[in-house]
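In this chain, numbering begins with 1 at the start of the sequence shown.
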Amino acid sequence: MKPDHTCDLVQDLLPLWLDHTLSQDSQALIQQHLPHCPACRRILADMDAPLTLPPEQDAAPLRTLNHLWQKEVVRVVLGSLAVGTCFLLLTVVPNPVSDALSKGLNLFQDFFIVTLPDLLYHF
């Protein structure tokens, strides 16, 4: 094997060497190469170094959005309850408003069903 390809081969084997999954022959090759190659030692040190995570982002904007979302949900639920209550009061529960609406509707129906056809018939 040519010496210029040894670094490429060792660098390909370094992750497996760190995981202790190499054959004895491959381990011997790396152990013979590392003392004489500063570039491969540096790559090995970089691979073996602990990873650093990026700093946490500020969660304040997310908390603000969550608070606004919760307020919107409460607003929609309360609005739906108000509309449903009004519907029940006007349609199911007897009261002067619903009585007047039903009488008005009856007068409207009477006019178009009984009176208007009579007028048109006699015209």
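- Remark: Ser23 OG to Leu29 CG distance equals 9.5 Å, nearest 0.5 Å.
- Closest approach of Gln27 to Leu22, counting heavy atoms only: NE2-O, 3.2 Å.
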Where do Val10 and Trp17 land on the side-chain contact (heavy atoms from CB on, under 4.5 Å) test, with the steps shown first?
CA-CA 9 Å; Val10 167; Trp17 189 65; over 6 Å; no
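- Put simply, SG on Cys37 and CD on Gln32 are 13.5 Å apart, with the number rounded to the nearest 0.5 Å.
- For Leu14 against Met47, the heavy-atom pair with the smallest separation is CB-SD, 3.8 Å.
- Nearest heavy-atom pair, Thr6 versus His33, reported as atom, atom and distance to 0.1 Å: CG2-ND1, 3.4 Å.
- Ser26 contributes atom OG, which lies 11.5 Å from atom CG of Asp12 (distance to the nearest 0.5 angstrom).
- No more than 12 heavy atoms of other residues, nucleotides or ligands sit less than 6.0 Å from atom CD of Gln24.
- Between atom CD1 of residue Ile30 and atom CG of residue Asp25 there is a gap of 11.5 Å, rounded to the nearest 0.5 Å.
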